[in-house]
Amino acid sequence: MDLYMENIIDHGQHPRNFGEPLDPADIDYEDENPFCGDYLHLTAQLDEEGRIKAVSWQGQGCTISQASASMLGEAIIGKTLDELREFNRQTILDMLGIPLSPTRLKCALLSLKVLKGGIYGLSDWPTDEGEE
Amino acid sequence: MDLYMENIIDHGQHPRNFGEPLDPADIDYEDENPFCGDYLHLTAQLDEEGRIKAVSWQGQGCTISQASASMLGEAIIGKTLDELREFNRQTILDMLGIPLSPTRLKCALLSLKVLKGGIYGLSDWPTDEGEE
Amino acid sequence: MTEPITYPLDIAAIRADFPILDQEVHPGKRLVFLDSAASSQKPRQVIEAMRRYYERDHANVHRGIHALSERATAAYEGAREKVRAFINARSVREIIFTRNATESINLVAQSWGRANLRPGDVVVLSEMEHHSNIVPWQILAEQIGFRLRYIPITDDGLLDLDAYAALLRDEPVKLVSVMHVSNVLGTVNPVREMAAQAHAAGALFMVDGAQSVPHLSVDVQALDMDFLAFSGHKMAGPTGIGVLYGKRALLEVMPPFLGGGEMIKKVTLEGSTWNDLPHKFEAGTPAIAQAVGLGAAVDYLSALGMDNILAHEKIVVDYALDRLSEIPGLKVYGPGPEHRNGVAAFTLQDVHAHDIAQLLDAEGVAVRAGHHCAMPLHKRLGVVATARASFYVYNMRDEVDALVEAIYNARRVFRLGG
Amino acid sequence: MTEPITYPLDIAAIRADFPILDQEVHPGKRLVFLDSAASSQKPRQVIEAMRRYYERDHANVHRGIHALSERATAAYEGAREKVRAFINARSVREIIFTRNATESINLVAQSWGRANLRPGDVVVLSEMEHHSNIVPWQILAEQIGFRLRYIPITDDGLLDLDAYAALLRDEPVKLVSVMHVSNVLGTVNPVREMAAQAHAAGALFMVDGAQSVPHLSVDVQALDMDFLAFSGHKMAGPTGIGVLYGKRALLEVMPPFLGGGEMIKKVTLEGSTWNDLPHKFEAGTPAIAQAVGLGAAVDYLSALGMDNILAHEKIVVDYALDRLSEIPGLKVYGPGPEHRNGVAAFTLQDVHAHDIAQLLDAEGVAVRAGHHCAMPLHKRLGVVATARASFYVYNMRDEVDALVEAIYNARRVFRLGG
Ligand SMILES: Cc1ncc(COP(=O)(O)O)c(C=O)c1O
Ligand SMILES: Cc1ncc(COP(=O)(O)O)c(C=O)c1O
């Protein structure tokens, strides 16, 4: 039961900010996890101070990847891009609060990968580290 | 010393019937052993009764392959093609009279392979067996 | 629960041969390994054969005259003969060692395909193929311009043989390449009849035997296959070795695949000539120890008897299909027991397959989740992923019970009821 | 006879790690293994790592969620990281597992070469190359129509660097591919300078490291190599695994080599997209246990220290060159000790190399005889075959003495005097 704590199941079954892509969007990025086919498309809008004011995402995948996207979507609202650049693997792990094997870690980090891709563009992705 | 009995060294160092190809020739075939580069070209003429009356061969290779060619060249003189079809791996082993590992067996059997190629043409080679 | 059952094989003795099975994967959770279709476990006979080879006989093969090289060559070529006998090929020259089934298929595509396929030609695959039997052909088709056509599947997971006949009739088909047994549906395809039809239409017939050679007796002559590809690691052998069988007449005229040592007769700066079969297709130092291991695996399977292995698996799979069918919300894909072998892929309502696999793993039950390298098939089935339990000669009905219990547990976690 | 000598390494301890060394190959004849350039022996640490892997951790990698698959994936990817560190690559994405050095070179030829080489382009090799670094380019050149040019060698067995500079100046060179250390002459080529020259001329620089990576510290960044190919089995690792290092920017844009599972992101019946590095180049189930074994070999070599290994071998090789030079009628090929590593190839008057090898084997001394997959080099040397003694970290000067004594014996058999 540890692995599927109540709030992960809850986010997985009732994802927050799930819906059609925002248009226009300041952040708009999609990607997938090739080994399992999990897919995520994330859009967000900034307010005039450069803080995230709205988030919408769609995706398909396991409870871990969906819950991670749902939690991350909530967590980024009100943050500046500079603050989002600080988000890392540990941010996600702390949010989920469960131990993850390397394979499931990829599920969990897909949301972060898409967020960072939306901020930096994937080719400018700063390190290998963050991707995996 | 077993491995290089006197008469093998002798045939190797003083090959019999070694020389330029016969022309015309009733049997004319050449081949090599790809794994070690041993090479043999054998020509022979038949008399009117269909018996080998003259043999000439040239080649390059180790003592085993040279001695085998030299001994085989002597052994086929006076034989009919039908008799030569009976020659097999054991004929060669008996001639050489020493134990041979599989790799050296290929050296020893090159002469047989070339003789049979000259008789049958390699594509009609009757069995895999004989080749190796 | 399991009723007493007599297996055709001594299952306790077999399990004792596989050291890996005897472990807890999580505290208090014994391993129930139901992932052999991805890769099987290895008996100690195979592991020991390789250890002995490295500890006593290793040297590079073929060109060596010293004792170790002679022994290594005899071991390597001896393994080739074992494989030849196992699939009843006519000659050891028809047995080419590769890395895996995937490389075997790529070899045929790159060598035979590049030499023989022209724009307008058709290669027939099927909708249930593993990526290994799709992507090599797509890559080549892109370069050459021939066309790929896929045999569709019926709703009960069989190849649509009418559609196959129509393809052969209506299209200029040069090659048919299909799997013998599906790694997702378990379907056993009628390759003997399909080969005869292909040949009648003037096409060659290649079989992906990755999921058949490990589980049932495959006779390349009786089935009249032109090419057969399979992997050592799925048939109790080591990783790092696969096999391509090809009819000698075809292999003889095919150009080489990779260039390098071993595969040449003569090299000059201006050009090269090729070695005899099978060496023409084995460039560089081969996977010697792995061939030895595969030979030991073939010995192991042969000693059990392929017919016994098949009978044993049937008992376990049939029981699994029965028990899985009683679980609410669970759907098993593929045909009924009479056309099926070795695997049961399923979904559980809308719970993602990864979540199922993880919850089963927490109970010690190892299954695989995902598209199983068959994305087109999953698209056809209308699902992104399935969970798959797969069985081999060391599995027992008790393990099916453990699987079923763990699935009930997953239902509870996902609030689907008990 | 050997004078007392202090080796930089504990040679007795090292020899105890290699179980195969402790045997008689013929009655009363202890093994003297001098054929490591063909394939090295394996320490028990490597053999055990693979056994343990099969007995505890094996499952297919990457797509599995259960405990064994996680462990297998961690072991496989952990080996990749070890190899990365061993050659100081920047990223694990630059480390591609292949079957052997030969396949690594073929991969570059078929992927980079097919995509980038055009009629009129020039690829520069050298006259001393192993067939593995000639034939793949000949096969492709035939298909595409680019030209091959060979750096000649000098009479003392070094690359003619003036000729190299002239080739780079006068020809439209797209790629230079040369061996780091010759498997026949022992020549250590100046790859750092050659890489700089190639780059200045706008060409890529690839290194066949089959004989260097096992014996000396190779740093792909310091040497600025674009590609580096090597084999596990020559560096105390198992058969069945090799490595291709490539600079990430190059690998990213190269098309795939083989198609199948693992190397795709998405497959539809219409086409496919490729996976991220390094998986794009690893089609099908990889050589998992062999990667684990290679990782253990890298650990073993690293613990000894590559500089110590080099220093140890230098002591043995220098001694061998000294002692061989005293044998009447014996000619050693290749440069003097200052440019040489690990091997001594020789002829003995007109005795065929196979006969030498067999007579040495009868004394327990394992050497290789033939063209050592370097026929063009042998043609340049004016001989059909050489006998080759090659050394690794487990060899001792006593074994050189055994070699020399066995050669004197061969002289007697062939009536060349004592
Ligand atoms: C210099 C050199 N390059 C390439 C190779 C090929 O290595 P492998 O046969 O492991 O592919 C060898 C070994 O035979 C070699 O010595
Ligand atoms: C039906 C089928 N074909 C081909 C393959 C590919 O096998 P490998 O990955 O060993 O090349 C597999 C296994 O994944 C398979 O199940």
Side-chain angles (χ1 to χ4, degrees), chain C residues 19-20 25 35 38-39 41-42 47 51 54-56 58-60 63-68 99-100 102-103 106 131-132 134-136 138-139 150 231 233 238-241 258-261 264 266-269 271-272 283-285 287-290 354 357-358 361 366 368-370 373 375-376, chain D residues 19-20 25 35 38-39 41-42 47 51 54-56 58-60 63-68 99-100 102-103 106 131-132 134-136 138-139 150 231 233 238-241 258-261 264 266-269 271-272 283-285 287-290 354 357-358 361 366 368-370 373 375-376:
Chain C
I20 200 169
V25 285
D35 191 24
S39 192
Q41 299 302 345
K42 330 299 175 197
I47 301 170
R51 189 180 63 68
Y54 282 129
E55 290 188 0
R56 293 199 321 221
H58 175 67
N60 213 328
R63 286 152 304 169
I65 284 170
H66 57 80
L68 295 190
R99 178 171 44 246
N100 49 30
T102 301
E103 193 193 13
N106 278 272
H131 296 163
S132 294
I134 298 177
V135 182
Q138 288 181 338
I139 291 178
Y150 298 88
S231 287
H233 70 93
T239 58
I241 192 156
L258 304 181
I264 54 89
K266 190 179 221 143
V267 176
T268 69
L269 296 183
S272 305
T285 303
I288 312 168
Q290 292 73 42
H354 290 177
Q358 178 149 6
D361 174 64
R368 197 146 285 243
C373 292
M375 288 176 87
Chain D
I20 201 169
V25 284
D35 190 24
S39 192
Q41 299 303 345
K42 330 299 173 198
I47 301 169
R51 190 181 61 69
Y54 282 128
E55 290 188 1
R56 293 199 321 220
H58 174 67
N60 213 328
R63 288 153 303 171
I65 284 169
H66 57 80
L68 295 189
R99 179 171 43 244
N100 50 30
T102 301
E103 193 193 13
N106 278 274
H131 296 163
S132 295
I134 298 178
V135 182
Q138 288 181 339
I139 292 178
Y150 296 88
S231 285
H233 70 94
T239 59
I241 191 157
L258 305 181
I264 54 89
K266 191 179 218 141
V267 176
T268 68
L269 296 183
S272 305
T285 302
I288 312 168
Q290 293 72 42
H354 289 177
Q358 179 149 4
D361 174 63
R368 197 146 286 243
C373 292
M375 288 177 88

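Note that the coordinates shown come from a computational prediction; the quantities given were computed from them, not determined experimentally. The chains referred to below are lettered A, B, ... by the order of the sequence lines, with proteins before strands, and numbering in each begins at 1.
- Of the atoms belonging to Ile134(D), it is side-chain heavy atoms, and not backbone ones, that fall under 4.5 Å from chain C.
- Most heavy-atom pairs under 4.5 Å with chain C: of the set Thr239(D), Val135(D), Thr285(D), this distinction falls to Thr239(D).
- Contacts between Ser231(D) and chain C at a heavy-atom distance below 4.5 Å are absent for every atom of the residue.
- Scanning both residues, Ala283(D) and Gly260(D), for their nearest heavy atoms gives CB-N, 4.1 Å.
- Contact count versus chain C (heavy atoms, under 4.5 Å) is highest, among Arg99(D), His58(D), Gln41(D), for His58(D).
- Of the two parts of Leu258(D), the backbone and the side chain both hold a non-hydrogen atom closer than 4.5 Å to a non-hydrogen atom of chain C.
- Contacts of Tyr54(D) with chain C are made by both backbone and side-chain atoms, with heavy-atom separations under 4.5 Å.
- Only the side chain of Gln138(D) has a heavy atom closer than 4.5 Å to any heavy atom of chain C.
- Here the closest non-hydrogen pair linking Ser132(D) and Gly261(C) is OG-N, 3.6 Å.
- Per-residue heavy-atom pair counts under 4.5 Å with chain C were compared for Asn100(D), Ile241(D), Ile139(D), and the maximum is reached by Asn100(D).
- Chain C forms the most heavy-atom pairs under 4.5 Å with one residue out of Lys266(D), Arg51(D), Glu103(D), and that residue is Glu103(D).
- A 4.5 Å side-chain heavy-atom check between Leu68(D) and Asp35(C) finds every atom pair outside the cut-off.
- When heavy atoms are compared at a cutoff of 4.5 Å, Ile65(D) approaches chain C by way of both its backbone and its side chain.
- Of all heavy-atom pairs spanning Lys42(D) and His233(D), the tightest one is NZ-O, 2.9 Å.
- Asn106(C) contributes no side-chain N or O that, together with a main-chain N or O of Pro136(C), makes up a donor-acceptor pair within less than 3.5 Å.
- Side-chain contact check for Val25(D) versus His66(C): every heavy-atom pair is 4.5 Å or farther apart.
- With chain C as the partner, the residue from Thr102(D), Asn60(D), Ile288(D) showing the most heavy-atom pairs under 4.5 Å is Asn60(D).
- Summarising the geometry of His131(C) relative to Pro376(C), their closest heavy-atom pair is NE2-CD, 3.8 Å, with the distance given to 0.1 Å.
- Residues Ser39(D) and Ala59(C) approach most closely at CB-C, 4.4 Å, considering heavy atoms.
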